[in-house]
Each structure stands twice: as structure tokens, then as C-alpha cells.
Q: 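Mind having a look at this structure? Questions to follow.
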2 protein chains.
Amino acid sequence: MGRIIAVMRVTIHEIARRAGVSPSTVSRALNGKGRMRPETRERILRIARELNYRPNAHARGLATKKTHCVGVGISERHMPVKRSFYNVILSSLESTLASYGYHLVFSVLHNEEIPRCISEGRVDGFIILGTDVQRSLVRTLVKRVPILLVDNHLPGVDAIAVDNTGGAYFAVEHLISHGHRRIAFMVETMGDPNFEERFLGYRKALEDHGISFDERLVVEGRRERGFVRIAVRKFLEIKPLPTAIFAANDYTAAGAISLLREEGLRVPEDVAVVGFDDGEVAAYISPPLTTVFVPRGDMGRLAALRMVELLEGKEKRPRSIVLAPELVRRRSCGCRYVT
Amino acid sequence: MGRIIAVMRVTIHEIARRAGVSPSTVSRALNGKGRMRPETRERILRIARELNYRPNAHARGLATKKTHCVGVGISERHMPVKRSFYNVILSSLESTLASYGYHLVFSVLHNEEIPRCISEGRVDGFIILGTDVQRSLVRTLVKRVPILLVDNHLPGVDAIAVDNTGGAYFAVEHLISHGHRRIAFMVETMGDPNFEERFLGYRKALEDHGISFDERLVVEGRRERGFVRIAVRKFLEIKPLPTAIFAANDYTAAGAISLLREEGLRVPEDVAVVGFDDGEVAAYISPPLTTVFVPRGDMGRLAALRMVELLEGKEKRPRSIVLAPELVRRRSCGCRYVT
DNA sequence: CCTCAATGGACAACCGCTTGCTCAAAGGGG
DNA sequence: CCCCTTTGAGCAAGCGGTTGTCCATTGAGG
């Protein structure tokens, strides 16, 4: 009695009936489009509000050919390691997109396949997270919908990336400032463009400080579980032992610290370690990890902003935004604990 | 020349035109519905395949009132800590859902608000991750679409959860088997139902082994960054110092280990530590963390399966699936390293 | 007072697909 | 050979919005 059970979804026709106007007028009132008497508009808006009207996404999508959805894809191969890296991005992406009225459709990329959300026309644009995606796939996708690369870049395609080379440079320079001259570079596997860029920064820092690059100080794991153990084993065989390690990411660094300790080596006294990413682990391990902070929240936010611009704005020439990372000094490098 | 640029999306009408039949026949052929001459059906299917036809999701959704999308929501408050916990679930959820032709719409829950993907009719069902959601919201949502709780449970609502009490019981029992009798329970904050269940398991294990519960051994942090430091400080004030800690989750355990070491205490020799979750950190810290493995991949997979059943199946009486966790022995409890 | 432009709103087509109903043709039985 | 039942396929009405076009008022200007 008096309690309205909203069993039937309220449509534009229902509002029209109650307001004594036609559905098209309601549509225009709701979208602020045509001209109409202010009182008519207000009456319609009021009724819509009272009925708690929400436009049906499908109907609207069908009529306007806009979905107000953005897809986001992550390579299945990237998932294991990058997972926790990406969910910071994911959540800030979602929040920002939501504030513009967009939804996020999550999908895992399978090699060359076109994501179904794209082929079925469920999304207006698509964001690709990470470097593990075939270039040919990207080239195919850009023909379908606006594409945005995050934590990756490709000529001619919009991208939000981080200055890996610069970040690595800071990290290595910091180790050098602690007096280290034999600094190893430890990486899960070369081949990931991001890691290669970090390697470049490593070399450049050495070079700029008059330290000649020694190939034997580069230790590579393998693309599989347990790669850190392999890498650390290789590291321990280097004679004389380097006094510091710059690891291409935090997981490698954390794993290395754990294994070095098992070998009775002290971190940072015997071997200093610096990582990259400032992921969840960094602050939780012992000693807390000095690492390069990658502004993942910003990346997500900027990605959302840029995507909205691509979908609604005027500026559509591909643009690449490169964010500056920042060194976070904790203890694993030999610094006193600050944070 | 000869190269077809698929500029216009191919529709059912186009196929009908080429096949010399009506659109409705094409629709039926594609969906395997009505009766028709096999050759007609095959001809239509062939043409559809050649044209690389994909049905428009909006048109279909509008006509059938099915979206083939499932929403998944995480509380914004849960995001910081639970993030990496949930993305394992998220990815297995997506993969499984995808194999049934469903898409995943990701959304962050804001207090009492009905997620927009639901009110706009973008999803057929909704999955809620975690305990940080208002019961009243859940009660509201179940009236709209099928709801599935994951890592949480509520009477009368479908759920996939883990046996927290049992897992905690194993963990504490394991510490007892190492000879510990003064075992602290360390938790970020009581109030999270999952943590409370773990606390129950802790008490039960003590009780079953004739160890009387000592309230002073329960150390609670606070719901904020740095809570571990607060908890550890409280812990260190306990006289005599407990010989073991059962932490309500891995982050707390990892943080505790790191801080205990700063205080010069050895883990596990002076204080043994066991965590809960078997998250990413667990294997990477030193010493590797003994913890309770929560089958997150299974949770995602089962959630997907159950949701599909709710949407398409017959068995709709709410059902609660409780998964058994498993103790993973590493080193922080005092065990020799196994894995 | 008449004409014309501006204004407010209705009509109807359309977006692409589904589905109940209709109907013609074909096949079978008496 | 005729009638009735299958069978195969088309028609058309939606699903819930959007939008181009047209029409009826209204008001201003001559």
C-alpha cells in the first residue's frame, strides 16, 4: 500500500505517459537537447527522478552506437607476475572512468585473438595493459576502436608509460653514490621491453660515472617460476662478488634478498639491493626495499582521462605520455630507514 | 582490389540479402532455433563465417533482455590491502566466465550505492568480492539480479567462501606441534568477519590442545597504513614474550617479521610466525612464510560456474560453497624449507 | 488584421536482433 | 485425386531509446 515495488523497469514511455508528452520529448529533456519550455523539462526531470529512471544501456547503445564501456585487456602470460602491479592501475582506472560515466570491461588477452568485447561491439575503446601483446594484434585493433597502451608504447599508438630508463638511471646512480662500483643487473628475462629500457638506464648510469660495463654482471633468470633462484645462483658465481644488485623489478629484488640471506649474506652490508616498481612487497620485506616508485595510480587515472578524450574530445593525434618515476629510499640500499 | 575493408559492421540483414532469405531465418539459423532445410542453415552459417559476422551485443541484449555480462564489485575500502588477493580471483573468474560467453564488468563499490552497471541493466548478475559490503546493499541488490558473494557469506545469499576457522585451526595446531604454547593472534583489525572466523579457529585450536586462552595475546592494529607497526609494538610489550604469532593474513605476518627483525629478534628461532592467504608476498620474504593457502583460483572458477548456473540453470536455491584451505609449510614456523 | 518566423512538441523511422504468427508448398493418407 | 498435416520460411511487431522532420501554436512586425 503506497509501497511501490519497481518490478517493471521504468522506461521513457512511462515517463512520457505520466508527463503527458511524447517519448521523444522525454528523451530530449533528459539529454538536455532540443528546445522546450523550461517547465516541461523540469516536470519531466522531476518525474524521472521520482520513478528513479535509469536509461537502458542496450537501447541507448543501439540507438547511439556508443556503449559507454571501455575494455581493458591484460595478457594471460603477464598475469602471474604483473597481477598485483596492475590492479592498482585497474582500480584507479575504474574510478576515473566511472566518474565520466564509463564502465570497465575486464578481459584477458589470448595471443592473436580479437577480444570478444570488441568484436561484439561492447566497448567504445580498449586499453591494453603491459608489453606482452603482439604488435600485429594492436595494429588490427586500432582499426576497430581507439586503443590506448599502458605501461607499454608503440609508435603511432596512444600510450601512457613510465620512464624506465630514467628510473633505472636514478636507482643505479644511487647505488654508485653509496660507493658501489661493481653493480649487477638482475632480471627475470630480457625480452620484455620495459626491462630492456631499465637495462639501458643501468648502462647509462654506469657510463656517466666512469664505470665500464661488464657483461658478466648481468644475470638473467628465466621466464618461469623459480627464476630468481636461478638468477641468484648465477650471481653467486661471479668472482669477485658484486657489492650491489639492481633488480629489474621488486619481485626479483625481494626474492634475491631472501635467497642471499639464506646463503648467509647480509643485505645491505654485504650486498646492497635496489628494485623497481615499488609494489606491495617492497615495504613489507626485511630489509625494506629501496626501489623506484612507478606511479601506478596516476597511470590509471591518466589512462582513463586520455581514453575519454579519445572518445569524446577533439585531440585525437596519438600522444604518448611518459611519467617520471621516483626513487624511494628504504634500507636495502644501505640508507638509514627514512619512511 | 579484392581486399575487403570491413568498414560497415556486417549485420543479419546483409547475410540475409546474400543468402536470399529473410533476416529472421538468419537469426534462427545462427541460434539453431526454428526448423529449416539443413542446406539453408549451412548456407547461412557459411556466409556468416565468411563475412566474419558477430552479433551486435546491444541489439541482442535489447531483444532478449540478456546482457551476457556479469558485474563484479569490490569495496573501495577493501582495495588497498585486498587488491592483490583479489586479482587472482578476478582473472580466473574472467577466464571461466569467458569460456561460457560472458563478459566481466569491473566496478568499485561505494557504500550504499547501487552499482551503475546494475541500474543501467548492463549485467545479468553480480558478484561481490569480500566482506566489506553493507548487508542492506546486498539485500537491495538481490531483488534486482542474481547475486553471488565471494570470500564472504550471508544467510540466504549464494556464496563461495573459504573455511577460515578450519584454516586458522590448522595453522595454530601446527605451531602447537612445534612446541609453542604462548601463541599471539595478530590482526589488522577485528570487525572483518573473515578475521573473526580466523580468530575463532585460533581459540578452538588452543582449547582443543589444553592451552587456555589469554586475552593479552591478542594484538590488534588499526585500520590504516602502519597498523603492523602498532601491532608489533603492542606485541613486544607482552611479558613474557610469546614464542609464536599467528597473523590473520600474510601482510600482517610479513610486516611483523620485518619489524621483529629490526628489533633484533630472529624468526623463527625467537618468534615463529604463521600467516594466512598464501598471497604473493609469502614466498618472497625471508624467511619464506608458512601460511594457509586459500584457493583463490578455485574461488574464481567456482564463482563463475555458479553464476552461470544461476543465470541459465535450474538449481536456484541459494547455496553456499565453502572451500577447504591448506597449510603451506615454509620456514617462518620453524619447519625446514620444503618448497 | 494578416503574414511569417520562431518555438515547442509530436510522429515516425531507425538501431540490429528475436520471435510469435501466418502462410505457401510439399508430402502423406484415404 | 483431394484434403489435411507437416515443414520451411517470411512478416511484422517489438525491445527502449534517439533524432530528423513536420506541424501547430504563439507572438511579433507590418
Side-chain angles (χ1 to χ4, degrees), chain A residues 6-45 47-48 51-69 101 118-124, chain B residues 6-45 47-48 51-69 101 116-124:
Chain A
V7 54
M8 265 283 282
R9 281 191 59 83
V10 17
T11 73
I12 218 174
H13 293 88
E14 175 63 14
I15 297 177
R17 201 179 58 74
R18 301 206 187 198
V21 297
S22 78
S24 51
T25 302
V26 175
S27 172
R28 281 189 253 263
L30 258 23
N31 294 313
K33 290 218 165 164
R35 289 168 310 208
M36 72 188 65
R37 211 173 300 153
E39 60 213 62
T40 306
R41 186 181 300 270
E42 275 161 30
R43 179 160 38 95
I44 293 173
L45 290 179
I47 294 178
L51 263 45
N52 196 24
Y53 168 78
R54 294 275 176 272
N56 176 301
H58 287 313
R60 178 176 269 182
L62 188 55
T64 61
K65 296 181 175 307
K66 290 265 162 265
T67 68
H68 267 257
C69 274
I118 293 184
S119 58
E120 293 176 3
R122 288 180 188 272
V123 297
D124 297 332
Chain B
V7 54
M8 263 283 282
R9 280 191 58 83
V10 14
T11 72
I12 218 174
H13 293 87
E14 176 61 13
I15 297 177
R17 200 178 58 72
R18 301 206 187 200
V21 297
S22 77
S24 50
T25 301
V26 175
S27 172
R28 282 188 255 260
L30 260 23
N31 295 313
K33 291 219 163 163
R35 291 169 307 207
M36 73 186 67
R37 211 173 299 154
E39 61 212 60
T40 307
R41 187 182 298 271
E42 274 161 30
R43 179 159 37 95
I44 292 174
L45 291 180
I47 295 178
L51 263 45
N52 195 24
Y53 168 77
R54 294 274 176 271
N56 177 302
H58 286 313
R60 177 174 270 183
L62 188 55
T64 62
K65 295 181 175 307
K66 291 265 162 266
T67 68
H68 266 257
C69 276
R116 289 217 339 279
C117 63
I118 293 184
S119 57
E120 292 175 4
R122 289 181 187 273
V123 296
D124 297 332

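Chain A is the first sequence line, chain B the second, and so forth, proteins listed ahead of strands; every chain is numbered from 1. Being a predicted model, the structure only gives us computed values, none of them experimental.
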Q: Can you tell me how far P of D:dT18 sits from NE2 of B:H58, to the nearest Å?
A: 13 Å
Q: What one-letter contact string describes nucleotides 19-24 of chain D from 5' to 3', where B marks a base within less than 4.0 Å of any protein heavy atom, S marks contact via sugar-phosphate atoms alone, and - marks no contact?
A: BB----
Q: From the list D:dG10, D:dG8, C:dG8, which nucleotide is the closest neighbour of the side chain of B:S22?
A: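 The answer is D:dG10.
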Q: Could you state the NZ-P distance from A:K66 to C:dG16, rounded to the nearest angstrom?
A: 13 Å
Q: Report for the helix from C:dC1-D:dG30 to C:dG30-D:dC1: angle between first-end and last-end helix axes, five pairs each, rounded to 10 degrees.
A: 60°
Q: Please report, rounded to the nearest Å, how far the P atom of C:dA25 is from the CZ atom of B:R35.
A: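 Nearest whole value for this atom pair: 18 Å.
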Q: Looking at residues at least two apart in the chain, or sitting in another chain, which of them share a side-chain contact (heavy atoms from CB on, under 4.5 Å) with A:R17?
A: A:E14
Q: For A:A57, does its backbone N or O pair with a side-chain atom of B:R122 as donor and acceptor, under 3.5 Å?
A: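 Checked: no pair found.
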Q: Can you check the A:E42 CD to C:dG8 C1' distance for me, whole Å?
A: 15 Å
Q: If we count only N and O atoms by modelled type, under 3.5 Å, do the side chains of B:T25 and B:S22 hold a donor and an acceptor together?
A: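 Indeed, the side chains of B:T25 and B:S22 share at least one donor-acceptor pair under 3.5 Å.
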Q: Could you check how far CZ of B:R37 sits from P of C:dA24, rounded to whole Å?
A: 17 Å
Q: Please tell me which of B:P38 and B:K65 maps to the more 5' nucleotide of DNA chain D, matching each residue to the nucleotide holding its nearest heavy atom.
A: B:P38
Q: Within the side chain of A:D124, is there an N or O that forms a donor-acceptor pair under 3.5 Å with the backbone of A:K66?
A: no
